[in-house]
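Here the structure is laid out as structure tokens; the discussion comes afterwards.
In each ligand, atom 1 is the first atom listed, and ligand 1 is the first ligand listed. Index from 1, following the sequence. Please read these numbers as outputs of a predicted model, since none were measured by experiment.
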Amino acid sequence: MMETVRVRFAPSPTGALHIGGAHTALFNWLWARRMGGSFVLRIEDTDRQRSTEAFEKTILAGMRWLGLDWDEGPDCGGGFGPYRQSERLDLYRRYAEELLEKDLAYRDGAAIIHRIPQDRTILFEDIVYGSIEIKSETIKDTVLIKSDGTPTYNFAVVVDDHTMAINYVIRGEDHIINTPKQILIYDALGWELPHFAHLPMILGEDKKKLSKRQGATSVYDYRDLGYIPEGIFNFLALLGWSAGDDKEIFDRHEATALFDLAKVAKRKAVFDMKKLDFVNQEHLKRLDPIRKLDLVRPFWEAIGLDSRLVDDGYLLRSLDLLEGRGQTLKEMAAYSDFFLSFDPVKERYDGSDISEAIKARLRPFFEALLAIGNWDHDAMAELARQWAIDKGLKLKDLAMPLRWALTGRKVSPGIFEVAVHLGPEEVRRRLAHYGLI
Ligand code: GLU
């Protein structure tokens with residue numbers, strides 16, 4: 001019978017959920033879902049100095065935001081809490097004592113230390129990195145329990161992974177170096193080894209390790225920049241894995257159906273912002289309109305626009321008119337600001353290149369536009385076409401000043417669509433304000 005896959009994500013609550021952590025969590029989640037297995041969340045909080053409850057909360061919230069649900073844990077009223085190492089200290093002590101009894105460990109003061117056997121070749125097959133071989137001589141005796149009674153990472157992780165029946169250990173490549181030490185602990189306790197899969201490190205665009213210096217590193221930083229969970233999920237999945245056939249855009253169900261741990265590449269993955277923007281935009285285009293509206297609202301608010309004062313139907317149509325413009329929610333909010341406000345908030349084009357002479361010449365056109373009986377796109381376009389022919393003007397000579405007055409931009413959705421949507425009163429108000437009627 002095939003074993004049921006059990007994986008875990010084991011963050012230390014010493015910071016927010018950063019991109020590397022989210023990537024590891026995501027690959028574990030995908031493997032569990034792909035194989036119909038279980039995904040366990042374990043908080044490695046034995047470093048009491050650096051661990052905080054607040055960080056634990058943001059990590060959990062970040063995972064929920066990305067939709068990385070875990071399958072078990074202590075009941076926390078209506079859901080599973082995570083396992084916490086700080087609640088399992090007795091267990092680590094018990095196994096350390098077992099090693100003392102077997103004389104495979106010794107005491108140094110209050111600390112318990114693993115005596116590393118000599119002349120041993122540690123060989124393991126990493127699913128991503130292939131065969132890795134290390135001589136035990138190169139490993140120093142390893143602290144299992146520190147003098148304050150807390151376990152070290154290498155010891156706690158083995159005890160937990162074994163007692164939680166984890167059979168696939170999927171984590172960042174920076175832990176390859178710890179794996180031989182952990183394997184020796186499995187051996188000493190007579191436990192079966194899990195499969196190991198180390199994931200390639202994610203590099204910044206400068207090909208250096210992603211770091212805070214490069215700005216946004218936590219998942220929440222990206223949320224606040226206007227990326228959506230679907231986009232981040234898809235983008236992270238592409239770091240080190242490919243869905244094949246040049247398929248770049250997929251949702252969590254498609255990713256789950258296609259994911260294969262054996263296809264993860266060991267080549268370091270570069271965090272390419274342009275790619276992230278592209279992927280995010282594709283998912284924005286696919287969003288349900290009502291959800292999109294709810295997601296854009298806080299970004300309007302951030303630029304001083306209260307969308308609650310405006311009719312939902314009007315807002316939905318406003319976003320519709322963007323026709324896929326905007327790679328983030330933030331950009332969508334900025335590109336649509338003129339629908340909510342008379343005075344566009346950002347990057348205002350001031351129309352200073354439109355001379356008084358041109359304005360005077362165009363006034364009759366704008367008057368005629370406002371006099372149109374049926375306020376629709378085709379009637380406006382036809383009027384403009386005729387006007388341009390009659391006066392020997394180009395269509396853009398009419399459209400540009402109109403765009404300036406209505407949107408405060410040089411680039412906008414189709415300007416007659418915008419005019420229709422704003423309605424005749426608002427168009428009149430804006431044209432009058434800029435001296436165009
Ligand atoms: N707490 C460790 C970390 O945050 C977990 C490593 C592992 O998955 O074994 O890196």
Side-chain angles (χ1 to χ4, degrees), residues 5-32 37-60 62-63 68 70 73 82-89 91-92 95 114 122 124 126-129 132 142-144 146 150-186 189 191 193-202 209-212 217-219 236 240 261 264:
V5 164
R6 287 182 59 83
V7 297
R8 83 316 189 258
F9 174 51
S12 306
T14 53
L17 181 62
H18 53 88
I19 286 296
H23 180 251
T24 300
L26 178 71
F27 277 51
N28 274 285
W29 184 92
L30 278 172
W31 189 230
S38 293
F39 176 53
V40 172
L41 174 62
R42 182 174 74 225
I43 300 291
E44 304 211 322
D45 58 350
T46 51
D47 183 346
R48 303 309 292 161
Q49 234 93 66
R50 295 173 59 225
S51 302
T52 73
E53 219 174 283
F55 282 138
E56 180 186 307
K57 278 213 179 89
T58 73
I59 291 172
L60 266 59
M63 289 179 67
L68 305 179
W70 54 100
Y83 295 111
R84 290 188 194 87
Q85 287 189 328
S86 58
E87 292 162 4
R88 298 163 58 85
L89 297 179
L91 192 70
Y92 311 125
Y95 285 113
H114 184 200
I122 306 148
F124 70 99
D126 189 278
I127 295 174
V128 178
Y129 283 80
I132 297 181
T142 316
V143 178
L144 303 175
K146 292 179 265 185
T150 60
T152 54
Y153 155 68
N154 277 314
F155 187 50
V157 83
V158 170
V159 171
D160 283 337
D161 285 342
H162 172 75
T163 53
M164 294 177 178
I166 300 301
N167 47 20
Y168 281 83
V169 168
I170 305 171
R171 60 186 171 197
E173 168 228 52
D174 48 331
H175 285 290
I176 288 185
I177 187 165
N178 292 316
T179 307
K181 285 182 202 163
Q182 294 173 13
I183 289 176
L184 290 174
I185 297 172
Y186 277 98
L189 286 161
W191 291 342
L193 289 183
H195 301 280
F196 290 101
H198 287 90
L199 304 173
M201 183 145 56
I202 303 170
K209 199 176 164 194
L210 262 194
S211 73
K212 288 219 171 60
T217 53
S218 96
V219 165
L236 288 178
L261 202 49
V264 175

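Under the side chain to side chain contact (heavy atoms under 4.5 Å, CB included) rule, Y168 has a single partner from D161, I127, N28, which is I127.
Between the side chains of Q182 and N154, at least one donor N or O sits under 3.5 Å from an acceptor N or O.
Between R84 and R88 the shortest side-chain heavy-atom distance does not fall below 4.5 Å. Taking the side chain as every heavy atom from C-beta outward, P13 and T52 never approach each other to under 4.5 Å.
The residues lining ligand 1, counting any heavy atom closer than 4.0 Å, are R8, A10, S12, E44, Y153, V157, R171, H175.
Ring geometry, W191 versus H162: the interplanar angle falls under 30°, so the pair is classed parallel (tilted spans 30 to 60°).
Shortest non-hydrogen contact noted between Y92 and F155 is O-CE2, 3.2 Å.
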